[in-house]
Amino acid sequence: MISVQYCTYAFYTDTYGGTAITSEKAFTRYELLARAVIDRLTYGRLKHITNAADIPEEVMFAVCVAGDYACNADAYGGHTVASETVSKHSVSYGDTDSSVEAGMARCAMQFLATSSCSWMLYKGVYPFERHRHHHPL
């Protein structure tokens, strides 16, 4: 089952003010990558949502920052920039896949750790999760 997009390109450009991802086609790819990271962080608690209007705004912002992080990493050949010196330009790169994914998770957590979304990060089972029809989302 493919869940709804957690964020649209219109939200990315208009509300978040994103500029790193320059096309809707590219955004679709980065949104999918960010959604996978967010699903791991939230233990799949958003996957059951079938109406995009039910996605919390904090999740949409998390997609935007995580997508920007992945896009910027792609601009450096899939590497993250570990350090950069301006005078006599010098750039050092970090690891690839695992550090990009970890960076995306760190970015997303800025928004997911807010009080309205923090319950999604809990590893246990909340009583309302036993019966999806009582779910707060």
Side-chain angles (χ1 to χ4, degrees):
M1 175 181 150
I2 297 176
S3 60
V4 298
Q5 268 192 311
Y6 292 171
C7 184
T8 63
Y9 188 63
F11 182 91
Y12 173 76
T13 56
D14 300 341
T15 304
Y16 172 70
T19 58
I21 304 170
T22 57
S23 73
E24 192 160 356
K25 183 177 179 180
F27 178 80
T28 300
R29 176 178 174 268
Y30 290 116
E31 188 277 338
L32 181 64
L33 295 172
R35 190 176 351 143
V37 169
I38 290 167
D39 283 342
R40 277 192 294 283
L41 292 171
T42 62
Y43 305 97
R45 288 187 167 106
L46 296 163
K47 285 184 171 188
H48 73 282
I49 296 175
T50 57
N51 183 355
D54 294 333
I55 300 293
E57 189 174 66
E58 293 85 356
V59 172
M60 291 188 263
F61 280 114
V63 167
C64 293
V65 296
D68 271 355
Y69 189 92
C71 180
N72 290 328
D74 279 352
Y76 287 99
H79 300 281
T80 56
V81 176
S83 66
E84 185 169 3
T85 308
V86 176
S87 182
K88 302 218 181 188
H89 191 77
S90 170
V91 179
S92 299
Y93 298 101
D95 293 337
T96 54
D97 297 332
S98 63
S99 67
V100 171
E101 195 171 311
M104 291 174 71
R106 278 192 311 276
C107 290
M109 287 296 288
Q110 295 175 71
F111 292 97
L112 296 177
T114 63
S115 60
S116 63
C117 289
S118 62
W119 67 271
M120 290 187 268
L121 304 173
Y122 177 62
K123 288 183 182 180
V125 177
Y126 281 102
F128 58 77
E129 289 185 298
R130 291 189 178 100
H131 307 286
R132 285 286 184 197
H133 63 278
H134 290 119
H135 204 281
L137 292 177

Handout entry: Distance (rounded to the nearest 0.5 Å) between H48 NE2 and D54 CG
Key = 8.0 Å
Problem - Value rounded to 0.5 Å, distance of CZ in F111 from OG in S118 - result: 15.0 Å
Taking only distance into account, with no hydrogens and no angle test, what donor-acceptor pairs under 3.5 Å do side-chain atoms of residues 18-29 form with protein atoms, sequence neighbours excluded?
unit_1, atom_1, unit_2, atom_2, d
S23, OG, A26, N, 3.0
T28, OG1, E24, O, 3.0
R29, NH1, D74, OD2, 2.9

Exercise for the section: With rounding to the nearest 0.5 Å, note down the distance linking CD1 in I49 to CD1 in I55. Expected result: 4.0 Å
Practice task
Consider only side-chain heavy atoms of I, L, V, M, F, W and Y, link residues closer than 4.5 Å, and tell whether L32 and Y16 are in one cluster.
Solution key: no
Practice task
Could you tell me whether a side-chain N or O of R40 sits under 3.5 Å from a main-chain N or O of A105, the two making a donor and an acceptor?
Solution key: no
Fill in the blank from the handout: M120 and P56 have their tightest heavy-atom pair at CE-CG, 4.4 Å
Completion exercise
Closest non-hydrogen contact found for V100 with Y69 is O-CE2, 3.5 Å
Exercise for the section: Report yes or no: does E31 contribute a side-chain atom to a donor-acceptor pair with the main-chain N or O of Y6 at less than 3.5 Å? Expected result: yes
Completion exercise
Heavy atoms of Y43 and K123 approach each other most closely as OH-CG, 2.9 Å
Handout entry: Donor-acceptor pair between D68 and Y30 side chains, under 3.5 angstrom
Key = no
Handout entry: Q110 and F61: CA distance, side-chain angles, deciding distance, side chain to side chain contact (heavy atoms under 4.5 Å, CB included) verdict
Key = CA-CA 9 Å; Q110 295 175 71; F61 280 114; over 6 Å; no
Handout entry: For the student: nearest non-hydrogen atoms of A52 and Q5, plus distance
Key = CB-O, 4.4 Å
